[in-house]
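Since this is a predicted model, take the numbers as computed values, not measurements. Residues take their numbers from the sequence shown, with the count starting at 1.
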Amino acid sequence: MNKIVPIFLIVLITFVASCKKENMQAQDDIKPPVADVVPKEMEIHGDTRIDNYYWIRLSDEQKNAESPDEHAQKVRDYLNAENDYFEKKLGHTEEFREELFQEMKSRIKEDDESVPYKDNGYYYITRYVKHGQYPIYARKKETLEADEELLFDVNKMAEVHEYYRLGGLNVSPNNKMVAFAVDTISRRQYVLQFKNLETGEILPEKIENTSGSSVWANDNKTVFYTKKNPTTLRAERVFKHILGTDPKEDVEVYYEEDDTYSTYAFKTKSNQFIAIGSSSTLTTEYQVLSANNPDGKFKVVQPRIKGLEYHISHFKDNFYIYTNKDEASNFKLMKTPINKTGSENWVDVIPHREDVLLEDISIFKDYLVLEERTNGLNKIRIKRWDGTADEYLPFNEETYSVNVSNNPEFDTDTLRYAYNSFTTPASIIDYNMKDKTKEIKKEQEVLGGKFDKDNYTSERIWVTARDGKKVAVSIVHRKDTKLGKDTPLLLYAYGSYGNTIPDGFSTTRLSLLDRGFVYAVAHIRGSQYLGRQWYEDGKLFKKMNTFTDFIDCSKYLIENNYTSADHLYAMGGSAGGLLMGAVVNMNPELYNGVVAAVPFVDVVTTMLDETIPLTTFEYDEWGNPNEKEYYDYMLSYSPYDNVKKQDYPNMLITTGLHDSQVQYYEPAKWIAKLRAYKTDDNLLVMHTDMESGHGGASGRFNALKDTARDYGFILEMEGIKD
């Protein structure tokens, strides 16, 4: 027998090697789709660009046609071919992706329930049931011991739809009616409807193409809502609807003529005013109307002035105004009498501070609550109106995320806020502002029995960028993960619109951390992590700072032995996908793999096309390329325009056919051009969700499949199979 064993092993090894060789050969035989080259010349400012893949673009009508024309079918065939290539190249990971999905799903408490909040005499509750993809909305009158009243079971409502999103729930002041909005296409074009909460009847009137939100006047029958431009999807018109009437008879109360602005309506927390807001990236304007007089005329608070941002809240005889007036770049709080609203009447309540960003305010009967950011960290400050108290809530972790939660009640001593960190699951906490006690109402449960927060550690490091600025990078990993050149690390960032990525907890991220990954967030310029100037230094003619910050953070992590280029991965979505496209053009050698989700990569062409949703609204963010200086600067970094003949890292690109924010054809054109130019044999794949849009799949579990796909790709590149 001793002589037979080696022979058996030799045969087994030979068989395994042969299978592996055949599998590798089979993988090599899989050829990627090759998009047709159809040159299209585009000339402006005396400069001509050639776009070989412009033909991939379809109109909304072509996308949604039940019987696609020849061109639409050709585009669909190309997208399906890319999906097929994705599955063929990564088909061997399908079982692992399913394992990741089930693993992520197993950490979620399926029969979960939100912390009830009280509003106008009712406690409102959001609940999930086992196996349910969607929430159930309910309420109880006065006490939590009262019988539950079902508002909506979204699981039943979504049964016949591939995509379903319910939003805009808004109960009338007398608690008898609820407005709600539904999107079944994933283009954020909501159908607004109404339900009688006493009878359960859904009223026959349906209002198409709205933003989803609505505002009740105090007469319980008049509703204000916003309609979108059907082509650009800009929210541009506010209408007034009377319950029981034909929506065709609705009266237009405001039209925002400037196509660089969008408009919206809301009600002040005091319930005394209905407000219409108009905003661009850098400028706002409000007009108000007594909620008791819905047929009255709106009055402008302060006419728009380019560069003046302000936001209004109402308390007693004043409007409280959060604003950047008087060059208050980090914003300050002012007030003005409700009958003298012009900015010449505004006086300081909380003056501007160079080192503190004022992010938001909440008004209560006895308290003013401020949300601030200092040196990158959130803070909550509580002041009594009578001046007898002024305090900051204490938070002890090195990096964390905290924000004021849902607080609809005005006359209360209780402040509800949400807290979490890289290592601490999300908690909902009620803080008594009078006696300074707190109660943790709920801490996110992580099921499966494997999670122990003490097994993980987080830190915040500061990277010196090439121009001397200090960029924060927040990092989390298991304590037993050894840092070094062989350590896999995923670096995430966004870096646009002033949006700051919170250092928050994620149950799905555990699937990376528990497999030895380090996860990091780079708080690059373009966010407001270090105040408003941090944002200003990452847009328009300073946009390149966003990309070089990320690259400098990547180099720092490699040079300081957190990882190496063979094990560094990058991820970003939407404007963060633009970031991914820029850095792989500029420094592709730094990354082994990149995930670019719904990436905004064809910057120049998109910003020149005013028919595309969001284009004109975003001139203040990116610039208007109809002006040559902006055109030239955009062209210097636009990922699609700067693809070159060089090696690129392994890349996964994702998109949705019905995406209204970053059109599917941007990533589709980008991958076609990358295939034509790249000089390497690294994996380049794209997955298009043929049913969804910018936010991906609807349903809490379907969204996990998207994450499992992305993580599966990264783990495959790292050679981790289980």
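- Checking N432 against D413 by side-chain atom types alone, no donor-acceptor pair falls below 3.5 Å.
- Residues R381 and D390 meet the side-chain proximity criterion, which asks for heavy atoms closer than 4.5 Å.
- Residues E391 and K436 are paired through a salt bridge, judged by an N-O separation under 4.0 Å between the basic side chain and the carboxylate.
- Using modelled atom types, one finds a donor on one side chain and an acceptor on the other under 3.5 Å when comparing H523 with S474.
- Both tests do not hold together for R139 against Y124: distance to the six-membered ring centre under 6.0 Å, angle to the ring axis within 45°.
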Check step by step if side-chain contact (heavy atoms from CB on, under 4.5 Å) holds for V115 and R416. CA-CA 10 Å; V115 178; R416 176 164 292 176; 3.4 Å; yes
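- Annotation: side chain of K479 is not in contact with side chain of T423 (no heavy-atom distance under 4.5 Å).
- In this structure, D386 places its CG atom where more than 12 heavy-atom neighbours from other residues, nucleotides or ligands lie under 6.0 Å away.
- At distances below 3.5 Å, at least one donor-acceptor pair connects side-chain atoms of K140 with backbone N or O atoms of L144.
- A donor-acceptor pair shorter than 3.5 Å can be found between the side chains of K453 and T424.
- Within a 6.0 Å sphere centred on NZ of K269, other residues, nucleotides and ligands contribute more than 12 heavy atoms.
- Within 6.0 Å of atom CD1 in I440, 12 or fewer heavy atoms from other residues, nucleotides or ligands are found, so the atom counts as exposed in its surroundings.
- Sparse packing is recorded around NZ of K130, with 12 or fewer heavy atoms of other residues, nucleotides or ligands lying under 6.0 Å away.
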Take F410 and T412, measure what side-chain contact (heavy atoms from CB on, under 4.5 Å) needs, and give me the verdict at the end. CA-CA 6 Å; F410 177 69; T412 179; over 6 Å; no
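- With Y431 as the aromatic partner, K438 does not meet the cation-pi criteria of under 6.0 angstrom to the ring centre and within 45 degrees of the ring axis.
- Judged by distance alone, with hydrogens and angles left aside, the side-chain atoms of D153 form no donor-acceptor pair with the main-chain N or O of I136 at under 3.5 Å.
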Apply side-chain contact (heavy atoms from CB on, under 4.5 Å) to residues M104 and Q102 and explain how you reach the verdict. CA-CA 5 Å; M104 294 172 186; Q102 294 296 340; over 6 Å; no
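- Legend: residues meeting ring pair (Phe, Tyr, Trp, His ring centres under 6.0 Å) with Y456, ordered by chain and number and at least two apart, are F451.
- Counting heavy atoms of neighbouring residues, nucleotides and ligands inside a 6.0 Å radius, atom NZ of K109 exceeds 12 of them.
- Both cation-pi conditions hold for K105 and F701: the charged atom is under 6.0 angstrom from the six-membered ring centre and inside a 45 degree cone around its axis.
- No hydrogens or angles considered: nothing links the side chains of Q533 and S329 as a donor-acceptor pair under 3.5 Å.
- Note on residues 399-409: pairs passing side chain to side chain donor-acceptor pair (under 3.5 Å), not counting sequence neighbours, are T399-D503.
- Residues satisfying the ring pair (Phe, Tyr, Trp, His ring centres under 6.0 Å) criterion with Y320, sequence neighbours excluded, are W385.
- Residues D710 and T707 have side chains that never bring a donor and an acceptor to within less than 3.5 angstrom of each other.
- Across T457, L557, V521, L491, a single residue satisfies side chain to side chain contact (heavy atoms under 4.5 Å, CB included) together with I475, and that is L557.
- A distance-only check finds a donor-acceptor pair linking the side chain of N324 to the backbone of E309 [under 3.5 Å].
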Determine, stepwise, if the pair L203 / M177 fulfils side-chain contact (heavy atoms from CB on, under 4.5 Å). CA-CA 10 Å; L203 274 60; M177 302 292 298; 3.6 Å; yes
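- Side-chain contact annotation: Y190 with R188, donor-acceptor N/O pair under 3.5 Å absent.
- Paired with Y137 under the rule side chain to side chain contact (heavy atoms under 4.5 Å, CB included), one option of I125, L150, L169 passes, and it is L169.
- Side-chain contact check for T184 and H161: no donor-acceptor pair (N or O, by modelled atom type) lies under 3.5 Å.
- Relative ring orientation between F395 and Y419 is described as parallel, the plane-to-plane angle staying below 30° on a 0-90° scale split at 30° and 60°.
- Between Y322 and F331, the ring-plane angle classifies as parallel under the 30° and 60° cut-offs.
- The distance between the ring centers of Y286 and Y310 falls below 6.0 angstrom.
- The closest side-chain donor-acceptor pair between K267 and N218 falls under 3.5 angstrom.
- Inspection of the S511 and R107 side chains reveals an N or O donor paired with an N or O acceptor under 3.5 Å.
- Side-chain contact, E354 with N330: no donor N or O sits under 3.5 Å from an acceptor N or O.
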